[in-house]
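Values below: every heavy atom of this structure, side chains too, minus hydrogens, waters and symmetry copies. Quick note: residue numbers are just sequence positions, from 1.
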Amino acid sequence: MIALDARLAQEIVTRTMQIIPFNVNVMDAHGTILGSGERARIGEQHAGAQLAIAQGRTVEVDAAAVRYLAGARPGVNLLLTVRGQTCGVVGLTGEPDAVRQFGELVRM
């Protein structure tokens, strides 16, 4: 399995947040936050990422879903894959309708 490096994860976050007006998180294949615009969250488990990994798909978390996911915030969570293997998740914080359009771009 390909593993994400914390330095690379934070670089992705920093560079992306210079372009888009939303917080970005990058999580490893277990849902642990490796890089974040909210540095205090680094090292925490990310419920939306864990759900995306478990379901093998993009997961959107809206205000209603936040009540059922511990510590979650609204946003979108997209799988990061390399050669068909999931190596992590990129998450954008914000109302799904506002951040969805940036999701695929950030994932690239």
Side-chain angles (χ1 to χ4, degrees):
M1 172 186 288
I2 295 171
L4 284 174
D5 156 291
R7 193 186 89 234
L8 174 61
Q10 190 60 46
E11 183 178 325
I12 291 167
V13 168
T14 301
R15 292 179 70 193
T16 303
M17 289 181 63
Q18 290 173 348
I19 300 167
I20 68 169
F22 300 101
N23 182 59
V24 176
N25 297 304
V26 175
M27 286 68 67
D28 68 11
H30 304 288
T32 302
I33 300 174
L34 298 177
S36 177
E38 297 176 27
R39 292 193 183 233
R41 294 191 72 191
I42 294 173
E44 292 181 0
Q45 291 298 303
H46 190 284
Q50 290 174 320
L51 192 56
I53 292 163
Q55 295 183 357
R57 66 177 183 85
T58 295
V59 169
E60 295 188 1
V61 177
D62 60 16
V66 165
R67 292 183 286 211
Y68 303 104
L69 295 171
R73 297 175 187 175
V76 296
N77 299 281
L78 299 97
L79 296 175
L80 296 173
T81 59
V82 176
R83 293 188 284 278
Q85 290 187 333
T86 298
C87 62
V89 175
V90 62
L92 283 74
T93 307
E95 291 304 316
D97 287 342
V99 299
R100 184 180 301 116
Q101 65 184 343
F102 296 103
E104 288 297 329
L105 181 61
V106 174
R107 179 164 58 173
M108 286 180 15

Practice task
Look at the side chain of Q10 and the backbone N and O of S36, then say whether any donor-acceptor pair between them is shorter than 3.5 Å.
Solution key: yes
Nearest-0.5 Å distance that lies between atom [atom1] in [X] and atom [atom2] in [Y]:
X   : Y    : atom1 : atom2 : value
C87 : L80  : SG    : CG    : 5.5 Å
I42 : L34  : CD1   : CG    : 8.5 Å
L92 : F102 : CG    : CZ    : 8.5 Å

Exercise for the section: Taking all non-hydrogen atoms of both residues into account, name the closest pair between M27 and G91 and its distance. Expected result: CE-N, 3.8 Å
Handout entry: Shortest non-hydrogen separation from P96 to G75 and the atoms involved
Key = CG-O, 3.8 Å
Practice task
Any chance you could lay out the side-chain contact (heavy atoms from CB on, under 4.5 Å) test for V59 and V89, step after step, and finish with the verdict?
Solution key: CA-CA 10 Å; V59 169; V89 175; over 6 Å; no
Practice task
Compare all side-chain heavy atoms of Q45 with those of T32 and state whether any distance is below 4.5 angstrom.
Solution key: yes
Handout entry: Pairs satisfying salt bridge (charged side-chain N to carboxylate O under 4.0 Å, His left out), at least one member in residues 51-67, at least two apart
Key = E60-R100
Practice task
Check the pair I53 / L79 against side-chain contact (heavy atoms from CB on, under 4.5 Å), numbers first and verdict last.
Solution key: CA-CA 7 Å; I53 292 163; L79 296 175; 4.2 Å; yes
Fill in the blank from the handout: E44 meets the salt bridge (Lys or Arg N to Asp or Glu O under 4.0 Å) criterion, sequence neighbours left out, with R41
Handout entry: Derivation of the side-chain contact (heavy atoms from CB on, under 4.5 Å) call for H46 and N77
Key = CA-CA 10 Å; H46 190 284; N77 299 281; 3.0 Å; yes
Problem - Worked check of side-chain contact (heavy atoms from CB on, under 4.5 Å) between T16 and V90 - result: CA-CA 11 Å; T16 303; V90 62; over 6 Å; no
